[in-house]
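Hydrogens, waters and symmetry mates play no part in the numbers below; they use all other heavy atoms, side chains included. Note that the structure is predicted; figures quoted are calculated from it, not measured.
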Amino acid sequence: MSKKWIPNTLTILSLFAGIGAMLLALSEQWLAAVGLIFGAAMFDSLDGRVARRLNVANEFGRELDSLADLVSFGVAPATVFYLLLLTDQGWSGALLTTLFPVCGALRLARFNVANVKNYYVGVPITVAGPLLAGIALFGRSALPLTVQQIILLLLAGLMVSTFRVPKL
């Protein structure tokens with residue numbers, strides 16, 4: 001295997017983790033599902049750094065990373081949130097949940113075309129997604145449902161906001 005595939009393999013592992021999280025959520029294995037979303041975040045934190053260190057960063061890897069991010073940090077956390085908290089809310093719960101990955105997609109598209117190096121514009125989906133999943137799991141007994149729904153709306157809004165978020 002060429003060294004250029006090492007970071008892409010990490011991205012694919014992130015994507016597998018996101019898909020696995022959704023499958024586990026369908027089986028109501030909440031802790032494992034959220035754990036895989038956090039595992040996806042670990043793989044995602046490595047892929048770009050490895051690509052730059054190996055000097056193999058390229059457009060294909062950047063696009064693959066965005067697609068994996070949408071699944072692992074947009075669709076998977078929204079799926080966990082919906083199945084864990086909102087299935088009895090009908091269409092309003094489904095529409096509310098859908099807003100999160102849609103805002104995540106908008107944020108990723110903006111990130112892909114912007115040429116901003118020193119900061120992020122809006123909260124990255126890679127931060128918002130694991131937060132949403134963790135809040136759904138650990139907040140379900142500690143926070144009222146309305147508060148959790150407000151948090152979902154807030155995180156979705158922060159992703160598409162124009163706030164400057166420092167890169168760590």
Between [X] and [Y], is any pair of side-chain heavy atoms under 4.5 Å apart?
X	Y	result
Y119	P166	no
L54	K4	no
S72	I37	no
L15	L67	no

Any idea which heavy atoms bring [X] and [Y] closest together, and the distance?
X	Y	answer
A40	A17	CB-CB, 3.8 Å
L145	Q89	CD2-NE2, 3.6 Å
A57	R62	CB-NH1, 4.1 Å
F100	P77	CE2-CB, 4.4 Å
A25	V80	CB-CG2, 3.9 Å
P101	A78	CD-CB, 3.7 Å

Subject >> Distance-only side-chain donor-acceptor flag, T126 / D69, under 3.5 Å >> reply: no
Original post:
Are S14 and D44 close enough that a side-chain donor and a side-chain acceptor fall under 3.5 Å?
Top reply: no
Backbone of [Y] reached by a side-chain donor or acceptor of [X] within 3.5 Å:
X	Y	value
N118	V116	no
R107	V123	yes
S45	M42	yes
S66	E63	no

For the atom pair [atom1] ([X]) and [atom2] ([Y]), what is the distance rounded to the nearest 0.5 Å?
X	Y	atom1	atom2	answer
Q149	L143	CD	CG	12.0 Å
L64	L10	CG	CG	11.0 Å
K167	Y120	NZ	OH	5.0 Å
Q148	L84	CD	CG	8.0 Å
L96	L85	CG	CG	10.5 Å
L86	W91	CG	CH2	14.0 Å

Going only through I, L, V, M, F, W and Y residues with side-chain contacts under 4.5 Å, is there a path from [X] to [Y]?
X	Y	answer
L24	L132	no
L95	I150	no
V127	I135	yes
I151	L83	yes
F73	L23	yes

Subject >> N55 atom CG: more than 12 heavy-atom contacts under 6.0 Å >> reply: no
**OP:** Take R140 and W30 through the side-chain contact (heavy atoms from CB on, under 4.5 Å) test and state the conclusion after the steps.
**Re:** CA-CA 11 Å; R140 69 180 164 164; W30 309 119; 3.7 Å; yes
Subject >> Full working for side-chain contact (heavy atoms from CB on, under 4.5 Å) between F81 and L152 >> reply: CA-CA 9 Å; F81 192 92; L152 182 147; 3.6 Å; yes
Subject >> Criterion side-chain contact (heavy atoms from CB on, under 4.5 Å) on F111 and V121, from CA distance to verdict >> reply: CA-CA 8 Å; F111 176 77; V121 178; over 6 Å; no
**OP:** Could you give me the CA-CA distance, side-chain angles and deciding distance for N8 and D47, then say whether side-chain contact (heavy atoms from CB on, under 4.5 Å) is met?
**Re:** CA-CA 7 Å; N8 291 339; D47 60 4; over 6 Å; no
